[in-house]
Structure formats: C-alpha cells, structure tokens
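Numbers here are sequence positions counted from 1.
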Amino acid sequence: MKQSTKKYLLLFNCMIIAIVAVIASVLDSKDVENVRQVSITTPIAVSTYTDTVFCPSAKAAVLIDAKSGAVLYEKNSNVRLPMASTTKIMTALCVLEQSDPDDVISVTKESAGIEGSSIYLKAGEKITVNDLLYGLLLESGNDAAHALAVGVFGSEKACTEYMNKRAHEMGLVSTNFENVHGLDSENHYTTAYELALIAKEAMKNGIFRQIVSSKTYTTNGENQRFFSNHNRLLVTTDYVTGVKTGYTSKSGRCLVSSAVDGEKEYIAVTLCDRNDWNDHKAMLTYAMDNYDVTQIVSDKDSVFRVGFDDYIAYDDIYLTFPKGDEPTIAYKVTIDLVSGIGRAEYYADGVPIGHFGVELLDRD
C-alpha cells in the first residue's frame, strides 16, 4: 500500500465507504445520552503467528514485528528467566533518557573494580556518557554499566529503581532488575517477550539505534579505546541492525537481534540458546520472507467522521499480515460527547485485535 493511501485511509473510508451507525450505548448506561458509537469497515490485513518450529535448543524465544508488536513466533516466551548482559539494553535506554551523551563522568573505584566483562576503566578517569554507552553496548562492559549508573543516577540502586519504574510504565509484569549489568542475581529476570518489548522501545531512540548498529568504535577520551561489537550478525548478514548479546553460566547464551527489510522491522529474542546465531537468522529471514506490515492509523492524521464531527487518532497503529492475505478490518468507535474523547476498537474478520484513542478535532 502506498504511503499516501495509508495516510488518508481512514478519512477516505469514513467519508466514502464507511458504514456508520450512531448508537447510544456502551461506555456507561447512566450517561447513555452522552455516548455515540460508529462502526467503520475497510479491507486491511491482520497479524498471525506461525506454528513452525524454531530454536529447538532455546529455553525461550520470541519473534515480533517491531512496528505492530505482532508476535510471529514464540516458545515459552512468558517464562521468567535470567537475561545476562541483555540487561544493558534497559540500562542504556534509561541513561539516554536521563543524561546528555556529552556529559563527562568521573569513574569511581567501585566502578573500575566491577567483575566480569570490562572495558578496563581506571578510578578517577573522566569519560563521556557517549563513550561509556559504546563500551556498554559493543564490548558489554560491566564497569561501563556501573559507571553510567553512578554518574547519571548517583548509585546503582537508584538506576535499577528507575529501570524497574520504566519497565512498569511499559506494562511489563515479569521483569525485574537488581543490577545494571546482568550478573546473576536471584530476583533479576525477564521473559523473552518482555525483553523484546524493551528492545522495541530502545530502538525508537536514535542514539541507541546508532550505537547498537555500529560494528566498531574508537573513543576520544584521555585513554583511547577501540571497541568491537560482540554481535556477529552485524558482520555475517546485511539485514541485522542490533541489538545485544549476553552470557553467564546460569543464564546461558542470550541474544536480542533486530532486522530491517525496507519499511519492515523485526526483533528476535532467545534465552539460554546454544545455537542462537543460526536461530536468529532463521527467525528473521522467516519474518522477512513471509510477512508484510501496513499502517492503518496515523497519529494526528487519521480522521473519523462521527455524525457531523471529525475525530482524530493519537496513536500510530500498524498491522502485520502474511503475504497475500487481506482479511477485513472493522473499526468500532465509541465517543463520549461531553469530553470529546473516545476509544476505537478494531477487529479482523470479527476477531478483536486491539484499540486506540481518538479525540475531537479542533477542540477549543
């Protein structure tokens, strides 16, 4: 579907081919006179997921469309498991939200002495947030993670509290952070699905996206360092764009990867998978070969006509669907006439898929 077609899809349907019915009902029977409902039908396709078997050696796995969030494959994707250094995806996202890349951090003795993978920071060394983020995400430096936590949030505890707050804001219910680097800890866990959602959110940040797609990086600080990305899929494929590796003896091999194919983008996650490189290539190529995505609602650009009033959506909504498949999508919009705010539910061949908010256009 062309962009211009997608851009005005709902406006066209509302004005030309919409089946509109104003029905006083739904939200609250006590305020029935203040509620209006409209149904709109248009041919758009819907997501599904495969029963193809991937990742036989993984404890858990998931493959999602990064735009629509559609799950295309899953294996034990809601089981809580350790995540190792894929933790650093959330660490980096939170640091980027609360600092400037050019901020300079003074490395503490505690940060320099953190165990595990390291970029060999020295106590008292001054280094930018940007350089530390590259060390965090390419070389998986635990010392970089701790230095960022202390330098930006004041302590590792304060940083993990913020990370857990962000996880809650994302709607995650099976993720908990006890540290910023991913070393084994009893109450440090996530699920394959929720880790995919964290990566999906992080990849919206342009700086994060640039870092995890970099194969190498050389710092500019007083102690020049050369970093090489541990994600070998960046070298062995032409479609992978990130994001993070991880390993401990308890968690096994963990991997989060992303791939772009034209306007399509996918995220794959495996937890405790000894064959992760091959499994990710299999999942990502499967997604690219078998699915398409289209935007059916555009933030501030899709207009619904309800009676004599126009309402706009305030979300971008995408649908993923198997190539060649185009089921009918129906919209049911319920408006509170007092507030001018409503809820649009959308269905595929009568099956509920999701919902989004709408509001009265050009409200005073």
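None of Asn278, Asp273, Thr270 except one satisfies the side chain to side chain donor-acceptor pair (under 3.5 Å) rule with Ser57; the exception is Asp273.
Few gaps surround NZ on Lys250; more than 12 heavy atoms of other groups in view lie less than 6.0 Å from it. Within a 6.0 Å sphere centred on NZ of Lys323, other residues, nucleotides and ligands contribute more than 12 heavy atoms. Within 6.0 Å of NZ in Lys59 there are 12 or fewer heavy atoms belonging to other residues, nucleotides or ligands.
Remark: Tyr346 pairs with Phe356 by the ring-ring contact (aromatic ring centres under 6.0 Å, His included) rule, at least two apart or across chains. Contacts of Thr191 classified as side-chain hydrogen bond (donor to acceptor under 3.5 Å, both in side chains), with partners at least two apart in sequence or in another chain: none.
Residues Val358 and Leu360 fall within the same hydrophobic cluster, defined by Ile, Leu, Val, Met, Phe, Trp and Tyr side chains chained together at heavy-atom separations under 4.5 Å. Tyr318 and Tyr347 sit in two unconnected hydrophobic clusters of ILVMFWY residues. Membership requires side-chain heavy atoms under 4.5 Å apart, directly or through other members. Residues Val260 and Leu233 fall into different hydrophobic clusters, defined by Ile, Leu, Val, Met, Phe, Trp and Tyr side chains chained together at heavy-atom separations under 4.5 Å.
The shortest side-chain heavy-atom distance between Glu139 and Tyr217 does not fall under the 4.5 Å cut-off. Looking at Ile335 and Val333, their side chains come closer than 4.5 Å, going by heavy atoms from C-beta outward.
Closest non-hydrogen pair, Cys159 versus Ala149, comes out as CB-CB, 3.6 Å. Nearest heavy-atom pair across Leu132 and Ile105 is CD1-CD1, 3.9 Å.
Formation of a donor-acceptor pair under 3.5 Å by the Ser258 side chain with backbone atoms of Gly242 is found in this model. Put simply, the side chain of Asp143 gets close to the backbone of Leu121: a donor and an acceptor are under 3.5 Å apart. In this structure, the side chain of Asp65 does not engage the main chain of Ala70 through any donor-acceptor pair within 3.5 Å.
Salt-bridge annotation for Arg166 and Glu201: present, with a side-chain N of the basic residue lying under 4.0 Å from a carboxylate O of the acidic one. For the pair Lys165 and Glu169, the salt-bridge criterion is met [side-chain N within less than 4.0 Å of a carboxylate O].
The aromatic rings of Tyr162 and Phe153 are tilted relative to each other, their planes meeting at an angle between 30° and 60°.
At a cut-off of 3.5 Å, with distance as the only test, a side-chain donor of Ser140 or Lys88 sits close to an acceptor on the other residue. The closest side-chain donor-acceptor pair between Asn179 and Ser185, if any, does not fall under 3.5 angstrom.
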